[in-house]
Amino acid sequence: MKTYEMIYALDAALTDEAKEAFAKKFEDVVTSKGGKVVSVDKWGVKKFAYPINYKTDGDYAVMTFEADGDAVKELERVSDLSVEVLRRMITVKA
């Protein structure tokens, strides 16, 4: 298993409960595929350099996890289906 980082930006207009639900959903995807979530670091609301889907602010978070490639593919699929996820990037942690 490799260590990955997923950085994602949610719509800043979401409620705190909705933001927590997304974090929980992403953690559940990793654990359901046999992975392990190492940490979740919430950066808070930051201004975008340019508008994304007519939004100027996003709530950023970084999730570090250990998993196989199947979990990464499923995370990409789940996050792409959610309109509230404005941007995401998954990288292998060196």
Side-chain angles (χ1 to χ4, degrees):
M1 286 200 290
K2 293 183 181 179
T3 303
Y4 295 92
E5 281 186 338
M6 177 178 171
I7 300 172
Y8 59 93
L10 298 173
D11 186 355
L14 291 174
T15 63
D16 290 338
E17 292 82 21
K19 292 173 188 175
E20 288 295 324
F22 272 103
K24 176 88 170 100
K25 181 194 296 188
F26 295 148
E27 291 175 21
D28 288 345
V29 168
V30 171
T31 55
S32 70
K33 295 290 184 180
K36 180 180 117 180
V37 176
V38 177
S39 67
V40 177
D41 185 19
K42 296 177 181 161
W43 290 356
V45 177
K46 305 281 185 195
K47 194 166 268 313
F48 293 140
Y50 54 88
I52 300 173
N53 296 342
Y54 304 103
K55 311 276 188 207
T56 57
D57 297 325
D59 192 351
Y60 284 86
V62 178
M63 178 176 70
T64 306
F65 61 96
E66 296 173 354
D68 293 328
D70 291 340
V72 174
K73 288 179 185 176
E74 184 65 14
L75 271 174
E76 289 173 345
R77 188 187 74 76
V78 168
S79 62
D80 286 346
L81 290 174
S82 303
V83 178
E84 296 86 355
V85 179
L86 300 176
R87 286 288 187 268
R88 62 117 178 98
M89 182 172 62
I90 301 174
T91 58
V92 176
K93 192 171 181 181

Exercise. Which residues pass the side-chain hydrogen bond (donor to acceptor under 3.5 Å, both in side chains) test with Glu20, sequence neighbours left out?
Worked result: Lys42
Problem set entry | Val62 reachable from Val40 in the ILVMFWY side-chain graph, under 4.5 Å edges | no
Exercise. Going only through I, L, V, M, F, W and Y residues with side-chain contacts under 4.5 Å, is there a path from Trp43 to Tyr4?
Worked result: no
For this session: Quick one: closest heavy-atom pair of Met1 and Gly35, and the distance?
Result: SD-CA, 4.4 Å
Seminar exercise, completed: Scanning both residues in full, the closest heavy-atom pair of Val30 with Ala67 reads CG1-CB, 4.4 Å
Problem set entry | Minimum side-chain heavy-atom gap Val37-Met63 below 4.5 Å | yes
In a table with atom names and distances, give each donor-acceptor pair under 3.5 Å that connects a side chain of residues 48-58 to protein atoms at least two apart or in another chain.
unit_1, atom_1, unit_2, atom_2, d
Lys55, NZ, Asp11, OD2, 3.4
Asp57, OD1, Lys47, NZ, 3.3

Exercise. What's the shortest heavy-atom distance between Ala12 and Lys19, and which atoms?
Worked result: O-NZ, 3.5 Å
For this session: First locate atom OG1 of Thr31, then atom CZ of Phe26, and finally report the distance between them rounded to the nearest 0.5 Å.
Result: 13.0 Å
Expected list for residues 72-94: side-chain donor-acceptor pairs under 3.5 angstrom, two or more places apart:
unit_1, atom_1, unit_2, atom_2, d
Glu74, OE1, Arg77, NE, 3.2
Glu74, OE2, Arg77, NE, 3.4
Glu74, OE2, Arg77, NH2, 2.8
Ser79, OG, Leu75, O, 2.9
Ser79, OG, Glu76, O, 3.2
Ser79, OG, Arg88, NE, 2.9
Asp80, OD1, Arg88, NH2, 3.2
Asp80, OD2, Arg88, NH2, 3.2
Ser82, OG, Val78, O, 3.2

